[in-house]
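What follows is a set of notes on a single structure, which appears directly below.
Order of the sequence lines fixes the chain letters, A, B, ..., with proteins taken first and strands second; residue numbering starts at 1 for each chain. Side chains are part of it too, since the values below use all heavy atoms of this structure and drop only hydrogens, waters and symmetry mates.
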Protein chains: 2
Amino acid sequence: MESVTDTTDLLALDRQVCFALSIASRSVIGLYRPLLQPMGLTHPQYLVMLALWQHEPLSVKELGELLRLDPGTLSPLLKRLQALGYLSRERNTKDERALAVTLTPAGRALRAEAEKIPPAIVERLGMELAELQHLHGALMRVIAATDRDPGSRKV
Amino acid sequence: MESVTDTTDLLALDRQVCFALSIASRSVIGLYRPLLQPMGLTHPQYLVMLALWQHEPLSVKELGELLRLDPGTLSPLLKRLQALGYLSRERNTKDERALAVTLTPAGRALRAEAEKIPPAIVERLGMELAELQHLHGALMRVIAATDRDPGSRKV
DNA sequence: CTAGATTAGTTGGTGTACAAATTAATAGCC
DNA sequence: GGCTATTAATTTGTACACCAACTAATCTAG
């Protein structure tokens with residue numbers, strides 16, 4: 001991922017930012033798993049809940065935009081969350097193509113448990129907050145860079 | 001993911017490093033897709049090829065350690081790469097439980113095309129190399145932090 | 001107003017990741 | 001040496017992500 005003189009190095013696995021991103025993402029998400037399991041949530045489901053706690057009601061389209069997930073992924077995911085009793089999906093009266101995704105009382109109540117998670121993760125990582133914020137900033141910049149790429153983000 | 005006074009902020013989606021990691025990873029990997037598609041490779045397959053170009057022969061276990069993937073994921077993935085004609089899997093004569101994964105001539109030849117990819121990605125991102133290297137370092141540190149967590153990494 | 005284009009969400013297909021179970025081979029201990 | 005524990009890889013099951021196709025609702029242009 002870096003242009004260098006030595007092509008042997010060019011493809012070295014541990015030089016690939018894409019690889020580091022993938023491993024980092026999977027590794028951090030792995031830390032969440034034991035914490036989310038008692039709530040019956042997978043990590044992507046947790047992100048959906050975060051979005052709804054913050055912004056409900058949301059359409060599938062809005063959720064997709066917030067979470068960068070396509071409707072094909074969200075549809076069954078929301079279905080499973082509905083089956084868990086955490087949310088409901090109803091037709092939007094103004095535009096019947098759209099759904100209004102809202103939390104159930106159980107879904108809203110779950111937030112109190114969920115608030116314990118981020119601090120627990122920070123503690124498990126044992127990293128300074130400043131370093132995590134720094135990483136966050138760097139990640140936002142690379143996301144913005146991918147957004148700027150002409151071949152990406154069909155919105 | 002940061003302990004702060006305001007709990008409303010605590011769960012804000014755009015404050016979660018795990019979310020930024022996930023989106024960044026997916027977004028960057030998305031840039032690879034059109035470049036890998038002419039070679040018939042998915043991104044995880046590309047990473048496997050990187051590992052083999054660098055280190056072949058490798059056992060499934062070694063590939064798993066390098067790529068942080070479990071055998072359940074690798075097994076069908078390698079099978080598909082074998083079907084594509086890029087690698088072969090043979091029993092290790094010293095320990096018949098283990099496989100020796102080696103590249104075919106076609107697999108080795110693919111490297112020349114693959115070398116064009118990292119510079120192309122850097123160009124598409126339009127980011128400074130130094131910034132990418134900085135991000136890479138930060139990612140390595142968070143990966144190391146997850147490795148240090150007592151509840152993680154059963155190796 | 002109407003027909004065609006666009007949009008919202010669902011469904012189906014493919015390829016991962018993760019977890020558990022299984023089979024066969026090897027290691028280690030008595 | 002033999003038995004038990006451990007290990008390597010495969011298979012099965014579940015939940016994603018991404019992509020394409022489809023249906024129904026809405027928008028837009030003539």
Side-chain angles (χ1 to χ4, degrees), chain A residues 18-19 22-34 36-37 40-48 57-65 67-84 89-101 152-155, chain B residues 19 21-34 36-37 40-48 57-65 67-84 89-101 152-155:
Chain A
C18 61
F19 179 57
S22 175
I23 301 304
S25 178
R26 289 199 275 120
S27 301
V28 169
I29 286 168
L31 296 185
Y32 280 77
R33 220 169 258 120
L36 293 173
Q37 192 268 338
L41 295 178
T42 63
H43 189 262
Q45 288 171 354
Y46 166 69
L47 295 178
V48 168
L58 290 167
S59 66
V60 176
K61 186 185 181 213
E62 286 164 334
L63 273 168
E65 285 165 351
L67 297 169
R68 306 290 182 105
L69 290 173
D70 74 22
T73 302
L74 275 171
S75 184
L77 193 156
L78 292 172
K79 195 170 186 176
R80 277 185 288 274
L81 278 173
Q82 179 163 341
L84 285 173
R89 293 176 296 167
E90 289 161 24
R91 282 294 149 187
N92 183 331
T93 46
K94 292 180 192 173
D95 178 350
E96 291 199 9
R97 295 172 303 179
L99 291 176
V101 184
S152 78
R153 285 299 327 276
K154 18 209 159 200
V155 194
Chain B
F19 179 57
L21 277 167
S22 175
I23 301 303
S25 177
R26 289 197 274 122
S27 301
V28 168
I29 287 168
L31 297 187
Y32 279 78
R33 222 169 256 121
L36 294 172
Q37 192 267 340
L41 295 178
T42 62
H43 190 263
Q45 288 170 356
Y46 167 68
L47 295 179
V48 167
L58 289 167
S59 66
V60 176
K61 188 185 181 217
E62 285 164 334
L63 272 167
E65 284 165 353
L67 297 168
R68 306 289 182 105
L69 289 174
D70 74 23
T73 301
L74 276 170
S75 186
L77 193 156
L78 293 172
K79 195 170 186 177
R80 276 184 288 273
L81 279 173
Q82 181 164 341
L84 285 173
R89 294 175 297 168
E90 290 160 22
R91 283 292 150 188
N92 184 329
T93 47
K94 292 179 189 170
D95 179 348
E96 292 199 10
R97 299 173 299 178
L99 291 178
V101 183
S152 78
R153 285 299 328 272
K154 22 224 153 186
V155 192

**Separation of atom OH in Tyr32(A) from atom C1' in dA19(C), rounded to whole Å** = 21 Å

**Fill in**
Of Asn92(B) and His43(B), the one whose nearest nucleotide on DNA chain C sits closer to the 5' end is His43(B)

**Message:** Can you identify which nucleotide, out of dA25(C), dG15(C), dA19(C), has its nearest atom closest to the Asp95(B) side chain?
**Reply:** dA25(C)

**Item:** Comparing Lys94(A) and Asp70(A) on DNA chain D - which has the more 5′ nearest nucleotide
**Value:** Asp70(A)

**Prompt:** Mind checking whether His43(A) and Tyr32(A) have parallel, tilted or perpendicular rings, split at 30° and 60°?
**Reply:** perpendicular

**Request:** Just compare dA17(C), dC19(D), dT7(D) and give me whichever is closest to any side-chain atom of Arg97(B).
**Result:** dT7(D)

**Request:** Looking at every strand, decide which applies to Pro44(B) at a 4.0 Å heavy-atom threshold: base, sugar-phosphate, or nothing.
**Result:** sugar-phosphate

**Prompt:** Of the nucleotides dT11(C), dA8(C), dT26(D), which one has an atom closest to the side chain of Ser75(A)?
**Reply:** dT11(C)

**Request:** Round to a whole Å and report the spacing from CG of Leu67(B) to C1' of dA9(D).
**Result:** 16 Å

**Message:** Using 0.5 Å steps for rounding, measure from the CZ atom of Arg89(B) to the CG atom of Leu74(B).
**Reply:** 10.0 Å

**Prompt:** Which residues satisfy the salt bridge (charged side-chain N to carboxylate O under 4.0 Å, His left out) test with Arg97(A), sequence neighbours excluded?
**Reply:** Asp95(A)

**Prompt:** Are side-chain heavy atoms of Gln45(A) and Leu84(A) found at a separation under 4.5 Å?
**Reply:** yes

**Prompt:** Contact class for Thr73(A) (heavy atom, under 4.0 Å): base, sugar-phosphate, or nothing?
**Reply:** base

**Message:** How many whole angstroms separate atom CG of Leu74(B) from atom C1' of dC18(C)?
**Reply:** 12 Å

**Message:** Donor-acceptor check, side chain of Arg80(A) to backbone of Ser75(A), threshold 3.5 angstrom: yes or no?
**Reply:** no

**Item:** Gap between atoms CG and P, on Leu58(A) and dA8(C) respectively (whole Å)
**Value:** 14 Å

**Item:** Phosphate contact (dA25(D) OP1 or OP2) by Arg91(A) side-chain N/O below 4.0 Å
**Value:** no

**Asked** Think Arg33(B) has a side-chain N or O under 4.0 angstrom from the OP1 or OP2 of dA17(D)?
**Response** no

**Prompt:** Taking OP1 and OP2 of dG15(C), is either one under 4.0 Å from a side-chain nitrogen or oxygen of Lys79(B)?
**Reply:** no

**Prompt:** Base, sugar-phosphate, or nothing: which does Leu77(B) touch, judged by heavy atoms less than 4.0 Å apart?
**Reply:** sugar-phosphate

**Item:** Candidates dC18(D), dC16(D), dT11(D) - which lies nearest the side chain of Thr42(A)
**Value:** dC16(D)

**Asked** Taking only N and O in the side chain of Arg26(B), is any of them less than 4.0 Å away from OP1 or OP2 of dC18(D)?
**Response** yes

**Complete:** When rounded to whole Å, the CG to P distance for the pair Leu69(A) and dA17(D) reads 6 Å

**Message:** Going by salt bridge (charged side-chain N to carboxylate O under 4.0 Å, His left out), name the residues that satisfy it together with Lys61(B), two or more places apart in sequence or in a different chain.
**Reply:** Glu65(B)

**Item:** Pairwise 5' ranking along DNA chain D for Glu96(A) and Pro76(A), keeping only the more 5' one
**Value:** Pro76(A)

**Prompt:** Quick one: Leu41(B) CG to dG15(C) P, roughly how many Å, whole number?
**Reply:** 13 Å

**Request:** Ignoring backbone atoms, establish whether Ser59(A) has a side-chain N or O less than 4.0 Å from OP1 or OP2 of dA8(C).
**Result:** no

**Asked** Can you tell me how far C1' of dC19(D) sits from CZ of Arg68(A), to the nearest Å?
**Response** 18 Å

**Prompt:** Could you give the NZ-to-P distance, from Lys61(A) to dT6(C), as a whole number of Å?
**Reply:** 14 Å

